[in-house]
Q: 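My questions all concern the structure below.
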Amino acid sequence: MTPSDRDATGLLTRPDHFVQLVSPTGERRADPEYDPWVADVDTDALARLFRDMAIVRRLDAEATALQRQGELGLWPPLAGQEAAQIGSARALRDDDFVFSSYREHAVAWCRGVGPAELLTVWRGSAASGWNPFEHAMAVPQIIIGAQALHATGYAMGQKWEGSDAASIAYFGDGATSEGDVNEAFVFAASFDAPVVFFIQNNQWAISEPVGLQSKQHLARRADGFGMPGIRVDGNDVLAVLAATRIALDRARRGEGPTLIEAVTYRMGPHTTADDPKRYRTDDELADWRTRDPLARVLALLAATGADADALEREVAEEARAAAAELRAAVTTIPDPEPMSVFDHVYAEPNTHLARQRDHYARYLAMYDETDAAASGAEGGAR
Amino acid sequence: MTPSDRDATGLLTRPDHFVQLVSPTGERRADPEYDPWVADVDTDALARLFRDMAIVRRLDAEATALQRQGELGLWPPLAGQEAAQIGSARALRDDDFVFSSYREHAVAWCRGVGPAELLTVWRGSAASGWNPFEHAMAVPQIIIGAQALHATGYAMGQKWEGSDAASIAYFGDGATSEGDVNEAFVFAASFDAPVVFFIQNNQWAISEPVGLQSKQHLARRADGFGMPGIRVDGNDVLAVLAATRIALDRARRGEGPTLIEAVTYRMGPHTTADDPKRYRTDDELADWRTRDPLARVLALLAATGADADALEREVAEEARAAAAELRAAVTTIPDPEPMSVFDHVYAEPNTHLARQRDHYARYLAMYDETDAAASGAEGGAR
Amino acid sequence: MTALTLGKAINEGLRRSLASDDRVVLMGEDIGTLGGVFRVTDGLKAEFGPNRVVDTPLSEAGIIGTAVGLAYRGFRPVVEIQFDGFIYPGFDQLVAQVAKLHYRSRGNVRMPLTVRVPFGGGIGAAEHHSESPEAYFAHTAGLRVVACSNPADAYVMIQQAIASDDPVLFFEPKRRYHVKGEVDLTASLADAKPMGLATFIAKGDDVTLVTYGALVQTARDAAVAAAEDGVSIEVIDLRSLAPIDYESIAASVRRTGRLVVAHEAGEQGGLGGEIIAGITERCFDYLEAAPVRVTGHDIPYPPAKLERHHLPDLDRILDGVDRVLGRPNSLSGVEVGAR
Amino acid sequence: MTALTLGKAINEGLRRSLASDDRVVLMGEDIGTLGGVFRVTDGLKAEFGPNRVVDTPLSEAGIIGTAVGLAYRGFRPVVEIQFDGFIYPGFDQLVAQVAKLHYRSRGNVRMPLTVRVPFGGGIGAAEHHSESPEAYFAHTAGLRVVACSNPADAYVMIQQAIASDDPVLFFEPKRRYHVKGEVDLTASLADAKPMGLATFIAKGDDVTLVTYGALVQTARDAAVAAAEDGVSIEVIDLRSLAPIDYESIAASVRRTGRLVVAHEAGEQGGLGGEIIAGITERCFDYLEAAPVRVTGHDIPYPPAKLERHHLPDLDRILDGVDRVLGRPNSLSGVEVGAR
Ligand SMILES: Cc1ncc(C[n+]2csc(CCOP(=O)(O)OP(=O)(O)O)c2C)c(N)n1
Ligand SMILES: Cc1ncc(C[n+]2csc(CCOP(=O)(O)OP(=O)(O)O)c2C)c(N)n1
Ligand SMILES: [Mg+2]
Ligand SMILES: [Mg+2]
């Protein structure tokens, strides 16, 4: 998977290169620098990438529907960003560690996060849905950009331990304006931390276009911090896979961080609470639909002689099943016990919280007693 | 002063250029891009720049001495950075606004800050020494990097008002690691703010070498944020003047921010509380002494036929006088009145503080009474 | 009088400030084209243009830090922080710059910033969207802190905050944004009650109940419920959290002898402690029982399905009232001093 | 026993923690080669190498944020913030990440960070170098907050903080760095008093005086002075600021009936209010007078020549004692409830 004769730092020589291996219409574009990194991706492997993307798109739509139906409190759809997420996450090893924002459901899919685990936090049932150490992926980060520093620190630790594993930080175009992200670049470069900074430039930060955050390609931000930056077609799963592999390879070889800007598009609203019609045009959306990440893979597969229709049907079936599983899972998420509100604030006993918890338990018990006494009375305690 | 036929954005074309117009040994180096910006600097003007530098060096030494003698609580010496500060500050117009850190005494000198005004804060006599609006210069900023955002906001205001004045932010190499500075770059670029970011890369942030903050030239940071970056010999007053004029010109013409990295050296300790022997070698210092900012101007003047010795003598005399004035000024700084501790917390009446102030006044009055009653008793009230 | 939601009342207050003083500029994330995630700034960019209502890059320190620079230049920036939990990246600029610059400059530089913060829980939101960080700012000398609770106050207080030459943290109870109330849009600011004063929401004789923000409505409801039970509660809407209008609270406590303070923020180091200490200092001889705090727990804000077990509600407030009155309550029989 | 300065005692505690657990890493500005601006980490980089004692770039959010990542990886980062006033750029990472991650991850991710903060005034320093920000952190659920006051405690408590699986804000009274005391370098941590407990510094019957950090010495001196005047003061060194050891304070106040709390931080929203409210709640029937706060003013930290008019000193503490005892004092004859 690692072309041993290649020096990944060669990518520094073409800072303005826009990496695209598959055109929007599905033509394979030769790129002597990046091609070797996906030489192993045969028709089957490509089909698997398609399968990932199709399933997560379906899951995402299902979750959006679940939110509309009141089963979830909120959902931040990923639609449009499947290639960026699948291409990058499929480049990772199991022992690499992921720090993401709130939109990386496809990354979670690749990390083996299960449907109930995925939905728990969006249902509001618990502070998080999975154990980060089971999936080598931190739970979603909502403070914009904060996770870039966590990934950097984690990578510093990986390096100090002598591991060749890496970490990856996912964040958006808007996040690049936060101090934390820039400080992460500083630390990562200074300590040669094996971290990949993966920007999904989906053109928008809620209602704000990327041009408000930066007048320069975001990948160009890298050079000034002393690391290579790659600008890649984020709707081209193959190109994203190649770019991420190169960056991870650099990390493993002790060459430090890499910044990847995956140019993509958020097809849906920022979250289910958002109405994108207030700030962007239908034309823009239509234009990006012509660059859909799934369609081009199907087209490429068809062009290479694969039975794309059959694949599509097959995968659609799988996706339907996955969606059904997701829908079934949401109702299995247990409602939290009232007293669990106090759990895990501290790892060690805390006298103040113990007292507060005790008092609240008495408060709740009083209601139970009142209820029992006035059994049948309506309107609760009073 | 503005070569009207020149497009300042041309400097974007040579991002790795190290601007030097006068070599360490005093030779004038031709630079077709930068020379026109200092075409007006004749022998007299050069002598004036030398005079500025010599006087501030002397003032700085005097202030250091005053600290050693207990007249000041602390002093952050600028020695070595005279060219960077004088060259840039002499490029400013009176209606430009300066936001500096704590070390820009030479900039304050250029802005007409008087000796008592300069020393007040370092004597610990008041929260600040001058009215920012009298000198179009904010009082020293100690929180590293915070002023970069202030300068940017100020410049946004200048632009919105339609003024062609600019603002300038001074900060150090270490400051470039702070989120605030990077966010200032983002805002400045986004709003085309007429601001100059002036980094004095003096090689050290207290004990930390610049290499710990960045593995890349700091000027290169600019491009990724969408602005030009100039790397200039910060010990070459002419080059600094040219670079700052170019940047200001861009700002005035609505072309937005510019980043300048002035490569210089802090000859002395970080502050009078610091001992640089703990972290750097004598050799390093000796090496930088060969690049002294004052010596090369004298050499250049001599080479152009001026009577450099006379100038040096003359200026030394002036500097001695200025130093004497500084020394005299320090004792004129009034000790603050006890109750002034409450002044200016709020601009408007504040009930809580008024009560607290009132109580403290009573407390102090009690001591006066006690003192009066027990007149002659030692050891204060009790 | 016009019936407006609290959100719309603030919108109208902002509009009037923008119209009457061209040094007023609004800044924040998504406040322009979108009109803010709560639509509080809706329509203002269209009306006043992009240099008066400014969509900024995604950076809270950047917003507040550039607002400081604008204040230096003579502007009156009104900053929106999108949600309470996103104010912390701007904390340094607020605490070390905004709060201190007037002092640092010996009165030469004014910082007439208004920092609008939708705050508090009860809307079933995700993490960081339901916090109550007001105590941090009330402890910061140089800042003023206010919280509105109803449309009429909101309309006036936002204008007062903007007109103030001191920096003001302006907390808006987001779960009341959609509650309507009568607002006099023509009211003159000159006649308005100063934002530093508390308001008596309900008169009562037995217990003084002090709160602010979203809980004011809950407290009012509690007073009604208690009245049916024969308990007369005096409800005070604090409005100003720094400084605190101790004169009003003390006047009440001297009559009732009993004090309950309620807030959504955690108890430990919260404003309840400040108010109880301040009132104990002023009214010790009038107190008939230990003042009581009814607060959110000292936990990170919990997931949506647990927030009703975190936020003080009508029942918990009434339980606190029972405690201060020595009536049967959840802690009856508990030696509270035990630990 | 060895006579060590407080700074050196912390140095020795850090050394022992580094030696006994190779997951402990020190991070901060100038802590390596220079040994810290107060030399508290002197010699440790040479002894343990640059991956254990790490000079970081100049960025507080960066330091704390990367420490979070290191904690995820199983390290126990010990972060130095160079001066109290420089902690605010790291506030967001502390409040929104460090404090919340154990909760957010439902106990899966531990954050055993120690954040060392030299705090407080009295050293004639420049702006931002003399602050007392502890109340901000005591109000933040998920954090523990401690302050040491003497070499023996400092040596033990820094090791306890590092060994704690919870994040600890560790406040070091910078103006006492050079004060010497006897330290038992061989003491076993297992036998040591838990850092959550307060310490009785002086026994007394008339007044309970609670404080922490640098003021502990001042309070001890005040007790000696008062004794000459026939007043017996019980001095409590709080040590843990969150949670507060109310059991110890309450036990004392039940005997004395009178409470004075002193701290350098401002009064408004400071820990004094918390402690007074907490004690009033627990000991109302024992209180013979309103508890008194003796604190710094609610002002930005003043210039060096004024700091003695800001910081509580022996005389101001004794004045507070006089107030709580109803003896002649600075407020005698003042109607304190007036406003
Ligand atoms: C510190 C902080 N400020 C503001 C917000 C509110 N907010 C949530 S998402 C978002 C936009 C993020 O844009 P981007 O980084 O491009 O990511 P995307 O949502 O497009 O994936 C904002 C402003 C937040 N979560 N955190
Ligand atoms: C936010 C903050 N963190 C830490 C410090 C302590 N400090 C004061 S000066 C300094 C080094 C600054 O280095 P640089 O930016 O290069 O400026 P120089 O002193 O070299 O002029 C540090 C760490 C501070 N003042 N502010
Ligand atoms: Mg985006
Ligand atoms: Mg420097």
Side-chain angles (χ1 to χ4, degrees), chain A residues 73-74 102 120-128 140 142-146 172-180 205-208 212-214 271 273-275 278-279 335-343 345 350-360 362-367 380-382, chain C residues 29-37 39 42 55-62 82-83 85-86 88-89 92 123-129 225-226 228-229 266-268 295 297-310 314-316 318-319 328-334 336 338-339:
Chain A
L74 189 76
Y102 39 81
T120 295
V121 71
W122 303 108
R123 190 166 166 84
S125 304
S128 60
I142 289 180
I143 299 294
I144 300 296
D173 44 298
T176 60
S177 294
E178 287 281 9
D180 278 13
I206 310 186
S207 74
E208 301 189 337
L212 181 61
Q213 318 287 341
S214 184
T271 67
D274 177 44
D275 173 13
R278 290 181 71 104
Y279 53 81
D335 274 354
E337 287 300 317
M339 288 304 293
S340 73
V341 76
F342 293 100
D343 291 350
V345 180
N350 186 286
T351 50
H352 172 70
L353 201 67
R355 179 177 190 263
Q356 205 167 62
R357 175 188 211 125
D358 187 48
H359 284 187
Y360 193 66
R362 286 173 191 276
Y363 174 80
L364 289 182
M366 177 177 76
Y367 280 77
R382 287 176 192 272
Chain C
E29 297 157 8
D30 305 296
I31 68 161
T33 308
L34 186 66
V37 295
R39 309 289 183 261
D42 202 22
D55 275 322
T56 65
L58 208 179
S59 145
E60 290 73 18
Q82 199 162 80
F83 281 85
F86 308 145
Y88 308 121
D92 177 57
I123 61 163
E127 199 189 356
H128 309 290
H129 291 72
E228 290 170 20
D229 234 11
E267 177 186 85
Q268 190 170 249
T295 70
H297 309 307
D298 289 302
I299 61 173
Y301 200 89
K305 294 211 176 198
L306 283 174
E307 68 179 334
R308 70 193 181 87
H309 287 291
H310 173 61
L314 186 140
D315 286 331
R316 276 171 69 195
L318 289 177
D319 183 54
N329 65 78
S330 66
L331 298 184
S332 296
V334 177
V336 281
R339 65 177 176 203

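Lettering of chains follows the sequences in order, A, B, ..., and the numbering in each one begins at 1.
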Q: Return yes if some donor-acceptor pair links the side-chain N/O of Glu208(A) with the main-chain N/O of Gly174(A) below 3.5 Å, else return no.
A: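 Such a contact is absent between Glu208(A) side chain and Gly174(A) backbone.
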Q: Check whether His128(C) gets within reach of chain A through its side chain, its backbone, both or neither, counting any heavy atom under 4.5 Å.
A: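 Contact with chain A: side chain only.
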Q: Please look at Ala175(A) and chain C and tell me whether the side chain, the backbone, both or neither of the residue comes under 4.5 angstrom of a heavy atom of that chain.
A: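 When you check distances to chain C, only backbone atoms of Ala175(A) fall under 4.5 Å.
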Q: Top residue by heavy-atom pair count (under 4.5 Å) with chain A, among Thr33(C), Val37(C), Asp298(C), Asp55(C)?
A: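 With the most close heavy-atom pairs to chain A, the winner is Asp298(C).
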Q: Could you give me the CA-CA distance, side-chain angles and deciding distance for Leu364(A) and His309(C), then say whether side-chain contact (heavy atoms from CB on, under 4.5 Å) is met?
A: CA-CA 9 Å; Leu364(A) 289 182; His309(C) 287 291; 3.9 Å; yes
Q: In the structure I gave you, are the side-chain heavy atoms of Asp319(C) and Arg362(A) within less than 4.5 Å of one another anywhere?
A: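 Asp319(C) does not reach Arg362(A) side chain to side chain.
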Q: Less than 4.5 Å to any heavy atom of chain C: does that hold for the side chain of Ile144(A), its backbone, both, or neither?
A: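 Just the side chain, heavy atoms under 4.5 Å.
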Q: Describe, in one word, how the ring planes of Tyr367(A) and Tyr363(A) are oriented to each other, choosing from parallel (under 30°), tilted (30 to 60°) and perpendicular (over 60°).
A: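 Because their plane-to-plane angle lies in the 30° to 60° range, the rings of Tyr367(A) and Tyr363(A) count as tilted.
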Q: Chain A heavy atoms under 4.5 Å from Glu60(C): which part of the residue, side chain, backbone, both or neither?
A: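 Both backbone and side chain.
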Q: Most heavy-atom pairs under 4.5 angstrom with chain C, which of Asp274(A), Ile142(A), Asp180(A)?
A: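 If we count pairs closer than 4.5 Å to chain C, Ile142(A) comes out on top.
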Q: Go through the atoms of Ser214(A) and report whether side chain, backbone, both or neither lie under 4.5 Å from a heavy atom of chain C.
A: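 No part of it gets close to chain C.
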Q: Checking Glu307(C) against chain A: side chain, backbone, both or neither under 4.5 Å from a heavy atom?
A: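 For Glu307(C), no heavy atom lies under 4.5 Å from chain A.
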Q: Just so I understand: if I count every heavy-atom pair under 4.5 Å between each of Phe342(A), Tyr279(A), Trp122(A) and chain C, which residue has the most?
A: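 Going by pairs under 4.5 Å, I would pick Phe342(A).
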Q: Can you tell which part of Ile206(A) gets under 4.5 Å to a heavy atom of chain C, answering side chain, backbone, both or neither?
A: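 Both backbone and side chain of Ile206(A) come within 4.5 Å of chain C.
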Q: Between Tyr360(A) and chain C, with a heavy-atom cut-off of 4.5 Å, which part of the residue counts as in contact: side chain, backbone, both or neither?
A: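 The side chain, not the backbone.
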Q: Between Leu306(C), Thr56(C), Asn329(C), which shows the greatest number of heavy-atom pairs under 4.5 Å with chain A?
A: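 The residue among Leu306(C), Thr56(C), Asn329(C) with the greatest pair count is Leu306(C).
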Q: If I measure from the heavy atoms of chain C, does Arg357(A) come under 4.5 Å with its side chain, its backbone, both, or neither?
A: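 Neither; nothing under 4.5 Å.
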Q: Between Arg316(C) and chain A, with a heavy-atom cut-off of 4.5 Å, which part of the residue counts as in contact: side chain, backbone, both or neither?
A: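 For Arg316(C), the contact with chain A is made by backbone and side chain together.
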Q: Is it the case that more than 12 heavy atoms not belonging to Arg308(C) sit under 6.0 Å from its CZ atom?
A: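 12 or below, so no.
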